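Right, one structure below, let's go through it.
Protein chains get the first letters and strands the later ones, always in sequence-line order, with residue 1 at the start of each. Just so it is clear, the structure is predicted and the values come from calculations on it, not from any experiment.
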Amino acid sequence: MAIQYWLMKTEPTTYSIDDLAAQADKTTCWEGVRNYQARNLLRDEIQAGDRVLFYHSACKEPAVVGTAIVSKSGYPDRFQFDKKSKYFDPKSDPDNPRWYLVDITLDEKFDAPVTLAELRETASVKEMVLLQKGSRLSVQPVKKKEFDAILKMAKKKAKTSPKK
DNA sequence: GCCAACGTTGGC
DNA sequence: GCCAACGTTGGC
C-alpha cells in the first residue's frame, strides 16, 4: 500500500506544533477526535508511515505549520473511558470502542508557515478539503500533489522571507 | 464577538 | 424517519 497523505487540525492554544516538538520523542497520540467521519479515517485508513500536514486552526493566522509522520495506526482512544477527561464518552462501550486515534511523530516544523490565505490563492491546491466551504473535518485526506505543493511553498517562503 | 455551516439530539 | 433545536467549528 502506497503511503497516503492527511491533514490534521489543532488549535495551537490546546496543542501546537511547538508542544509536539517539545516532546522528548517528538511523538504524541492524537486524542479527542469526536466526529464519525474523522474516526473512520483514524480507525480504518491511516497507516503508520503516512505523511501528515500539521495545521493550526482557530487562531490569528490559520496555517500549515509543519509535517509529521504517522508512527502508530488506529487504536482506541483511552480518554473516552476516562471519566475525568473532557473527551469522556459515557456511551462508548469498552468492548466496542467508539473513538480511535493514531500516534504522530514530528517530521519538520516549517521555518515559514503556509497560511490559509496563501493556500486560497494557490491554484494547485484549490480542491483541498480544507478550502471547501463549510469544511470542518479535523482529520482529512490530502492528495500527494497538494502535499508536495505545500512543502514547496514552505521552502520557497523560507528562502525568500527573512526568518523571524 | 459574529455568524454561516455543519453535526447531533430528541420529540413526535 | 423527519426535522427543529441546539451545540460546535472555525474563519473573519
Side-chain angles (χ1 to χ4, degrees), chain A residues 4-22 28-46 50-68 70 74-104 106 108-143 145-147 149-154 156-158 161 164:
Chain A
Q4 303 173 97
Y5 301 84
W6 311 97
L7 180 144
M8 297 192 190
K9 292 183 193 173
T10 178
E11 299 187 15
T13 50
T14 304
Y15 194 90
S16 75
I17 194 161
D18 290 321
D19 292 323
L20 179 57
T28 189
C29 58
W30 204 253
E31 80 275 11
V33 174
R34 296 292 180 268
N35 167 283
Y36 287 104
Q37 214 179 328
R39 185 283 309 271
N40 292 344
L41 295 176
L42 291 169
R43 187 187 59 187
D44 307 328
E45 304 294 335
I46 303 180
D50 285 356
R51 306 288 301 271
V52 174
L53 293 172
F54 198 105
Y55 179 82
H56 281 174
S57 70
C59 56
K60 213 168 182 183
E61 192 167 69
V64 177
V65 293
T67 60
V70 177
Y75 63 101
D77 180 340
R78 67 187 162 83
F79 294 93
Q80 69 194 301
F81 306 122
D82 179 354
K83 282 202 178 93
K84 293 192 207 86
S85 169
K86 70 168 176 169
Y87 299 124
F88 176 63
D89 183 351
K91 291 189 215 154
S92 185
D93 175 1
D95 293 328
N96 184 19
R98 181 179 289 191
W99 306 114
Y100 280 70
L101 52 70
V102 299
D103 288 355
I104 63 169
L106 181 67
E108 179 188 14
K109 182 189 166 184
F110 292 160
D111 288 330
V114 178
T115 67
L116 180 61
E118 288 164 347
L119 292 175
R120 289 202 190 284
E121 291 166 2
T122 306
S124 59
V125 300
K126 71 174 194 301
E127 286 174 15
M128 281 185 78
V129 176
L130 180 73
L131 304 182
Q132 304 314 306
K133 191 176 177 183
S135 169
R136 334 187 302 199
L137 201 55
S138 64
V139 175
Q140 51 181 258
V142 170
K143 296 197 184 84
K145 68 161 197 170
E146 295 163 349
F147 187 92
I150 290 169
L151 275 194
K152 215 172 177 180
M153 288 168 76
K156 189 177 169 194
K157 200 175 162 191
S161 63
K164 284 179 197 159

Does C:dG10 have its OP1 or OP2 closer than 4.0 Å to a side-chain nitrogen or oxygen of A:Lys9? yes
Phosphate OP1/OP2 of C:dT9: any A:Arg34 side-chain N/O under 4.0 Å: no
Interatomic distance, A:Met128 CE vs C:dG11 P [rounded to whole Å]: 12 Å
When rounded to whole Å, the OH to C1' distance for the pair A:Tyr87 and C:dT8 reads 13 Å
Value in whole Å for how far the P atom of C:dT8 lies from OH of A:Tyr36: 16 Å
Rounded to whole Å, please give me the gap between CZ in A:Arg39 and C1' in B:dG7. 14 Å
Grab the CD-C1' distance between A:Gln37 and B:dG7 for me, whole Å please. 10 Å
Give one of base, sugar-phosphate or nothing for A:Lys60, where a contact means two heavy atoms less than 4.0 Å apart. nothing
Rounded distance in Å - NZ (A:Lys133) to P (C:dG11): 15 Å
With no hydrogens and no angle check, is any side-chain donor or acceptor of A:Gln140 less than 3.5 Å from a backbone partner on A:Leu130? yes
Measure CD/A:Glu11 against C1'/C:dG11 and give the value in whole Å, please. 12 Å
Does any part of the side chain of A:Val139, heavy atoms only, come nearer than 4.5 Å to the side chain of A:Ile46, both counted from C-beta? yes
Could you grab the distance from atom CG of A:Leu116 to atom CE of A:Met128, nearest 0.5 Å is fine? 9.5 Å
A:Trp99 and A:Tyr75: aromatic ring centres closer than 6.0 Å? no
Distance in angstrom units between A:Trp99 CH2 and B:dG7 P, rounded: 13 Å
Of the listed C:dG7, B:dT8, C:dG11, the closest approach to the A:Arg136 side chain comes from C:dG7
